[in-house]
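Taking it in order: structure first as structure tokens, then the write-up.
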Amino acid sequence: MLTIVFDLDGTLIDTAPDLISTLNLILAQEGLPPVEYDVARRMIGAGARVMIERALSAEGRNCSKAELDRMFGAFIEHYAAHIADRSRPFPQLEATLDQLAGEGRRLAVCTNKLEWLSVRLLDMLKLSRHFATICGQDTFGVQKPDPQMLRLTIQRAGGEPTRAIMVGDSGTDIRTSRAATVPVIAVDFGYSEVPIALLRPDRIIGSYADLPMAIREIEAGRG
């Protein structure tokens with residue numbers, strides 16, 4: 001059985017509205033101006049702490065670890081309460097997940113979001129049932145682009161790396177997949193800082209309707 005491992009933010013779910021509104025609330029509490037939506041969107045993908053660090057850096061603000069820990073704690077508290085206010089699955093996602101399951105694919109999530117937040121989001125959007133496992137940055141003590149996170153997610157789902165494909169939206173996902181020697185399909189509607197084609201994934205899709213065919217093409221290439 002082939003295991004399909006999905007990134008979460010910018011791949012399965014458009015989480016930017018709730019992440020960015022939380023980020024700008026935290027910045028306002030620090031007396032800093034909000035980050036423009038399109039700029040903040042490109043700060044997503046390495047976890048909330050890195051998102052905060054990137055926003056502070058853009059304002060030329062240095063802070064201590066204790067200050068960052070405080071802002072991170074406030075971010076998580078607010079975000080957890082508003083995690084699905086405006087975050088929604090990308091178009092045609094659920095129908096495609098049902099199709100893949102019907103084709104005998106095993107599905108999993110590998111994200112740099114905290115595991116409990118990832119489960120909470122997917123539960124609230126009624127999507128958790130599709131996945132054999134949902135793994136976050138705190139699940140194994142490593143996070144992407146460390147390839148061990150992808151390998152351990154596949155293992156936890158009951159699969160093996162030689163029978164797996166990653167689906168992601170960023171350079172982090174592509175680097176992770178390459179390091180784990182797992183083929184990668186990139187979506188072109190996520191939060192990549194550069195045009196995704198420049199990162200040379202194995203396939204690029206512009207719609208979830210195209211994912212089953214992209215998977216079959218990679219399988220055929222392995223044969």
Side-chain angles (χ1 to χ4, degrees), residues 1-17 19 38 41-42 44-45 84 86-113 118 121-122 125-135 144-145 147 149-150 153-154 157-223:
M1 180 183 291
L2 188 70
T3 303
I4 312 298
V5 182
F6 294 86
D7 173 54
L8 180 53
D9 297 277
T11 299
L12 289 172
I13 312 297
D14 186 8
T15 53
L19 285 167
D38 289 343
R41 199 171 183 269
R42 296 193 293 273
I44 300 169
R86 291 184 291 156
S87 295
R88 295 293 180 267
F90 284 105
Q92 303 182 61
L93 172 67
E94 191 156 19
T96 299
L97 296 179
D98 285 333
Q99 179 180 342
L100 293 174
E103 293 175 356
R105 315 302 195 183
R106 179 190 292 110
L107 309 179
V109 174
C110 179
T111 174
N112 279 341
K113 210 181 200 72
S118 304
L121 173 61
L122 292 170
L125 296 176
K126 297 180 170 46
L127 293 171
S128 296
R129 66 182 180 85
H130 293 282
F131 303 104
T133 191
I134 299 166
C135 300
K144 298 179 293 184
M149 184 175 180
L150 177 54
T153 299
I154 295 166
E160 51 191 73
T162 56
R163 292 284 299 149
I165 294 173
M166 177 83 186
V167 181
D169 72 312
S170 69
T172 298
D173 296 317
I174 293 171
R175 290 193 301 274
T176 304
S177 300
R178 294 289 183 238
T181 64
V182 171
V184 59
I185 297 170
V187 301
D188 69 2
F189 43 75
Y191 307 150
S192 178
E193 294 181 16
V194 300
I196 201 70
L198 296 179
L199 303 176
R200 302 180 63 82
D202 295 285
R203 294 288 187 282
I204 298 173
I205 60 169
S207 164
Y208 268 107
D210 300 329
L211 181 58
M213 179 58 72
I215 290 170
R216 288 193 290 271
E217 289 174 353
I218 289 176
E219 283 188 294
R222 281 172 161 174

Minimal non-hydrogen separation, S128 against I134, with atom names: OG-CD1, 4.0 Å
Interatomic distance, I13 atom CD1 to F6 atom CZ [nearest 0.5 angstrom]: 10.5 Å
CZ on R105 to OG1 on T96, rounded to 0.5 Å: 12.5 Å
Of I174, T3, T176, V5, the residue whose pairing with M166 passes side-chain contact (heavy atoms from CB on, under 4.5 Å): V5
Closest non-hydrogen atom pair, D169 against G10: CB-O, 3.4 Å
Student check: side-chain heavy atoms of L12 and P89 closer than 4.5 Å: no
Pairwise side-chain contact, E94 with H130, heavy-atom cut-off 4.5 Å (strictly under): yes
Rounded distance [0.5 Å steps], OG1 in T11 versus CG in D173: 5.5 Å
Shortest non-hydrogen contact from I218 toward P183: CG2-CB, 3.9 Å
Spatial distance of atom CG (D9) from atom CG (L121) [nearest 0.5 Å]: 7.5 Å
R175 side chain to P145 backbone, donor-acceptor under 3.5 Å: no
Minimum side-chain heavy-atom gap T172-D7 below 4.5 Å: no
Heavy-atom check, side chain of L97 versus side chain of Y208, under 4.5 Å: no
Smallest separation among heavy atoms of A164 and L2, with atom names: N-CD1, 3.6 Å
Where at least one partner belongs to residues 182-198, residue pairs that pass side-chain hydrogen bond (donor to acceptor under 3.5 Å, both in side chains), sequence neighbours excluded: D14-Y191
E160 bridged to R106 by N-O distance under 4.0 Å: no
Nearest-0.5 Å distance that lies between atom CG in D210 and atom CD1 in I215: 11.0 Å
Inter-residue atom distance S87.OG - L125.CG, 0.5 Å rounding: 7.0 Å
Using a 3.5 Å cut-off and no angle test, enumerate the donor-acceptor pairs between side-chain atoms of residues 196-205 and protein atoms at least two apart in sequence or in another chain.
residue : atom : partner : partner atom : Å
D202    : OD2  : R178    : NH1          : 2.9
D202    : OD2  : V184    : N            : 2.8
R203    : NE   : E217    : OE1          : 2.8

Main-chain N/O of A16 paired to R86 side chain as donor or acceptor, under 3.5 Å: no
Closest contact, heavy atoms only, A157 versus A108: CB-CB, 4.0 Å
Selection residues 89-113 - residue pairs positive for ring pair (Phe, Tyr, Trp, His ring centres under 6.0 Å), sequence neighbours left out: F90-F189
N112 side chain reached by M149 side chain, heavy atoms, under 4.5 Å: yes
